[in-house]
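I have placed the structure first, in the form of structure tokens, so that the comments after it can refer back to it.
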There are 2 protein chains.
Amino acid sequence: METPVESTRERLLNVAEQRFGEGGYEGTSLRAITVAAAANIAAVNYHFGSKEALLRAAVARAMAPVNTERRRRLDQLEAAGTPSAEQLIRAFVEPGLDLVLRRGERGAVVARFIGRIAFDPSQRIRELYVAESDPIEARYLAALRTALPHSAPEAVAFGYVNMLGLLALHQSQALTPAPGGAELEDPGKLAENLIAFLVAAFDRGLRA
Amino acid sequence: METPVESTRERLLNVAEQRFGEGGYEGTSLRAITVAAAANIAAVNYHFGSKEALLRAAVARAMAPVNTERRRRLDQLEAAGTPSAEQLIRAFVEPGLDLVLRRGERGAVVARFIGRIAFDPSQRIRELYVAESDPIEARYLAALRTALPHSAPEAVAFGYVNMLGLLALHQSQALTPAPGGAELEDPGKLAENLIAFLVAAFDRGLRA
DNA sequence: CTCTGATTCAAACGACCGTTTGAACTATGC
DNA sequence: GCATAGTTCAAACGGTCGTTTGAATCAGAG
């Protein structure tokens, strides 16, 4: 099998998303990252410039395929007419869970990383996540508004925030093991359950 | 007006829940806390023993009234018969938002503190929150299962986790300002919207 | 080969971390 | 008054933090 010799830069990004996803930004030291990546401390500042720039690069790399898939699905839906709320929710949630949870160990690491950064205690860190998902989210929000004409715009925005939060929650696995019940094992089932949960809430729970 | 001279211990707890709520556990130093509390560095170890013990004490103090109110409401509901899912959701969510968001500036600080700790990147910190809310949560989960006999137990647990997550999300204000829409200002309205959202999702979104 | 730019390295920088020490201060009871 | 327990204090502890330095190593072009 072909393992094309990872560059120091790639190894740093891989280890960064793993460690940042486990311990958060403040709770993870550059030394822990560089040791695990078999790189010199100075490599971080050489390749990225600073700890925060390393995080920014890791967030951008992790979010890119998710955003691409979301854009592709939204384009496709809008080309076929006016998408329903369920179609929109599915097109938003599945790339976040599916695309990232289905791909074995590595996918779970990326998912947890994204979910944790999205909820980081520091607003400055959270904004790194927001900056990477901003444009596509605005498109989804607008499409949701036209799909739910009977709900007030603020109500749709409220639902949208909840969707973002629940997605990040399940990505980060922050509430597992669940208190008093085993978590859903199959990622596909998790996606279906989350979508059904959100669709029901959007369709009947958004009375402004 | 009576300001009965806050003790050093109380000032430390007050500042701790404010700062930990802003920057998270790892991102907040004891020096930042003690300076803001006008206390000596050594006071933390004198009164609590360690940084983590200070956090534990702050979590316990912040959660106590919420747990008390949840217990009271659940007792009351169960004394009157078999509570509905909506009643249970309301009895669980309102003490977390209401009791804590309605009480002006201080309440918002406590709410954010709890919400942030519940989502802290470090599992060890999250468990401090879980330890304070464990027993009462088990009772709610059991009551929800009997209120939703048509949903599988794992599905109810899934919905319960989502309720916990959304509550902590709105308490922590982690997603405000919302991308593309103003957040709901009135805490009472927020509670009503969240309850409606959850009730709809529980009633129709939990097909296992 | 030499030269050049990119990369890696050990080592150190100053700053900040949580914690500890031991003396100084305070309040209360005798 | 003295003694005692509770509390506060400045100062320092050893360690770790992100970052920087300047020399060593590497790869590729001429």
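Keep in mind the model is a prediction, meaning the values are calculated, not measured.
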Expressed in angstrom and rounded to an integer, what is the separation of B:Asn45 atom CG from C:dT19 atom P? 5 Å

Report yes if a side-chain nitrogen or oxygen of B:His47 is closer than 4.0 Å to either non-bridging phosphate oxygen (OP1 or OP2) of D:dG6; otherwise report no. no

Ring centers of A:Phe92, A:Tyr160 separated by less than 6.0 Å: yes

Rounded to the Å, how far apart are A:Glu10 CD and C:dT7 P? 13 Å

Does B:Thr8 have a side-chain nitrogen or oxygen under 4.0 Å from the phosphate oxygens OP1 or OP2 of D:dT7? no

Quick one, which residues of residues 24-42 of chain B touch DNA chain D with a heavy atom under 4.0 Å? B:Arg31, B:Asn40, B:Ala42

Do the side chains of A:Glu17 and A:Arg112 get close enough for a salt bridge, i.e. N-O under 4.0 angstrom? no

Looking at B:Ala38, is its backbone amide N or carbonyl O close enough to the side chain of B:Arg11 to form a donor-acceptor pair, meaning the two atoms are under 3.5 Å apart? yes

Rounded to whole angstroms, how far apart are CG on A:Leu12 and C1' on C:dT7? 12 Å

Centre-to-centre under 6.0 Å for B:His170 and A:Phe158, is that the case here? yes

Test log, rule side chain to side chain contact (heavy atoms under 4.5 Å, CB included), inputs A:Arg90 and A:Gln87: CA-CA 5 Å; A:Arg90 186 174 295 274; A:Gln87 287 175 313; 5.8 Å; no

A:Gly96 versus A:Gln171, closest heavy-atom pair with distance: O-NE2, 2.8 Å

Among C:dT8, C:dT19, D:dT20, which nucleotide sits nearest the side chain of B:Ser50? C:dT19

Using a distance-only test with no angle check, is there a side-chain donor-acceptor pair under 3.5 angstrom linking B:Asn67 and B:Glu132? no

Just checking, is any N or O donor in the side chain of A:Arg61 or A:Asn14 under 3.5 Å from an acceptor N or O on the other one? yes

Axis-to-axis angle between the two ends of the helix from C:dC1-D:dG30 to C:dC30-D:dG1 (five base pairs per end, rounded to 10 degrees): 10°

